[in-house]
Amino acid sequence: MKRRNIGLIAKKELLGLSSEKTIVFAILLQVFIAMFSSFLMVGLTAMYDPEAIEGYSTIAYGVGYAGADSALIDEFEKQDDLILHRMDLSQALAALRERRVSAVVYVPDTPPDAEEPVMVTLYLIQNDLQSSVINVKVKEVLQGYEKELREVRAGRMTTFPVSLNFPESGGGENFFEFVYGLLIPLLVLLPAIVSAALIIDLITEEYQRRTLETLMSTPVTFAEMVWGKVAACEILVPVQAGAWLLLLGFNGIAVDNAAAILLHASAGGLFLILLGALVALHYRERTSAQFIFSTALVVVFLLVMAIPYNPLNLMVRLAVDTAGPVHWPILALVAGVAALLGWAVTAYARRVGEGVTA
């Protein structure tokens, strides 16, 4: 294959992107998300954070306490909105079923300085809105008890947690989780998915518009045409992902390892684009190819998400600089799989091209 021909096809496709519905709608969608990012950030953070509904509760809840005496009782007494009732476990569970108490806490007879962990059991009514409020309120009590246990067992610690300095304004922890755990992986991987869908349109439109024979009458081979379209789509991945990281930086959100993130996004994007190209070459019809590719994409993501260092997890670790050098072998593995897929696309394109020119 000639690089000049591939470059000419890629240049032609990049110049004609404004007429492609897929990329235009995708860019409009991303602009829409950017315009309402503040609203989405506040709204989604409140939706997935149960603590957001705690402020709407102003009544006191009864909690059944069963088991051995512990410092947990003192923690409950610090809460004005939780009233503790000492009772047997069976009586407490019966009271919970009859809704005379809102939760039951069982503390085993394990000394604070024992070798084994202290397993505190919390009983709540399943699928109940009140249980969500109680869960948040009891969480504060349990965290206070956990702190006391950590102080008693401080001499056993061999490793120490890393301190995180959240903004002094409220909600800093939730902001950190939302931005680095959800928003950044979503913004970085979205261009790869969009480019993979775009390659299907670019290939199938040659069949649907009956322009393939005209294109094949030029010195450009079918394989060069396919790779030119792949190159055009691949260029968009780091450009779009880099633009998102740049905008995040302008908004004061620091993202570490930006170059490594773009490399992973480019490698993963190339894999998805080649997968889309293979599907498009086989089906040659836009609707069928998009449906099969979307189904395959779900299967691929489900399989990949079962791996500890999956793309979402890796993007988060890279963004907060906790990934370590392990991401380089993963990048090499993804690039190797993409290379194998590229060989399959080239071989299939040459076979299809022989059929077109025959």
Side-chain angles (χ1 to χ4, degrees), residues 1-27 29 189-240 265-301 334 337-358:
M1 291 189 293
K2 297 180 180 178
R3 294 181 181 178
R4 182 175 179 275
N5 291 342
I6 295 175
L8 288 174
I9 295 295
K11 183 179 179 181
K12 164 184 168 293
E13 298 297 343
L14 288 173
L15 292 176
L17 282 179
S18 59
S19 61
E20 288 295 333
K21 296 179 181 178
T22 302
I23 189 66
V24 171
F25 285 144
I27 292 176
L29 177 62
L189 294 178
L190 185 61
I193 297 173
V194 171
S195 293
L198 179 62
I199 188 66
I200 294 176
D201 288 359
L202 294 181
I203 292 178
T204 55
E205 73 176 3
E206 299 289 353
Y207 289 97
Q208 294 180 346
R209 294 181 181 178
R210 301 182 184 278
T211 56
L212 188 59
E213 288 77 8
T214 304
L215 187 61
M216 296 306 298
S217 63
T218 66
V220 179
T221 66
F222 189 79
E224 290 170 348
M225 181 204 72
V226 172
W227 272 103
K229 295 177 183 297
V230 168
C233 295
E234 174 64 12
I235 290 173
L236 295 176
V237 177
V239 170
Q240 291 187 74
S266 300
L270 181 59
F271 170 79
L272 293 178
I273 291 169
L274 291 172
L275 184 63
L278 205 57
V279 173
L281 287 174
H282 181 74
Y283 287 95
R284 306 177 189 181
E285 195 273 325
R286 179 180 179 180
T287 304
S288 300
Q290 290 284 9
F291 174 76
I292 296 299
F293 174 75
S294 301
T295 306
L297 190 63
V298 172
V299 174
V300 169
F301 263 88
V334 175
V337 174
L340 288 176
L341 202 56
W343 172 82
V345 169
T346 303
Y348 198 71
R350 284 175 175 167
R351 198 177 77 178
V352 173
E354 291 174 358
V356 173
T357 54

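- Nearest heavy-atom pair across V334 and G268 is CG1-N, 4.0 Å.
- Counting only distance, with no hydrogens or angles, the side chain of E234 and the backbone of L270 share a donor-acceptor pair below 3.5 Å.
- For Q240 (side chain) and V237 (main-chain N/O), no donor-acceptor pair under 3.5 Å exists by modelled atom type.
- Of all heavy-atom pairs between A349 and A223, the closest is CB-CA, 3.9 Å.
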Does the pair V279 and F291 meet the rule for a side-chain contact (heavy atoms from CB on, under 4.5 Å), with working shown? CA-CA 10 Å; V279 173; F291 174 76; over 6 Å; no
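- Taking both residues in full, the closest heavy atoms of A267 and A338 are given as O-CB, 4.5 Å, listed atom of the first, atom of the second, then distance.
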Could you go through the side-chain contact (heavy atoms from CB on, under 4.5 Å) check for V300 and F293 one step at a time? CA-CA 10 Å; V300 169; F293 174 75; over 6 Å; no
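- Within the model, atoms CG of L198 and NZ of K229 stand 9.5 Å from one another, a figure rounded to the nearest 0.5 Å.
- Taking CG of L297 as the start and CD1 of I292 as the end, the distance is 12.5 Å to the nearest 0.5 Å.
- Rounded to the nearest 0.5 angstrom, R351 CZ and L281 CG are separated by 10.5 Å.
- When side chains are defined from C-beta on, T204 does not count as touching R284, because their heavy atoms never get closer than 4.5 Å.
- Counting all heavy atoms, side chain and backbone alike, A265 lies closest to A192 at O-CB, 4.4 Å.
- Side-chain contact between W227 and L274: present, with at least one pair of heavy atoms (C-beta onward) separated by less than 4.5 Å.
- The line from CD1 of I200 to CD of Q290 is 4.0 Å long, rounded to the nearest 0.5 Å.
- Rounded to the nearest 0.5 angstrom, F222 CZ and Y348 OH are separated by 9.5 Å.
- Contact record, S195 with I273: CB-CD1, 3.8 Å, taken as the closest heavy-atom pair.
- Counting heavy atoms from C-beta on, the side chains of E224 and V226 never come closer than 4.5 Å.
- Of all the heavy atoms in G276 and I199, the pair that sits closest is C-CG2, 3.9 Å.
- Annotation: side chain of L202 is not in contact with side chain of V230 (no heavy-atom distance under 4.5 Å).
- Taken from OH in Y283 to CD1 in I203, the straight-line distance is 14.5 Å, to the nearest 0.5 Å.
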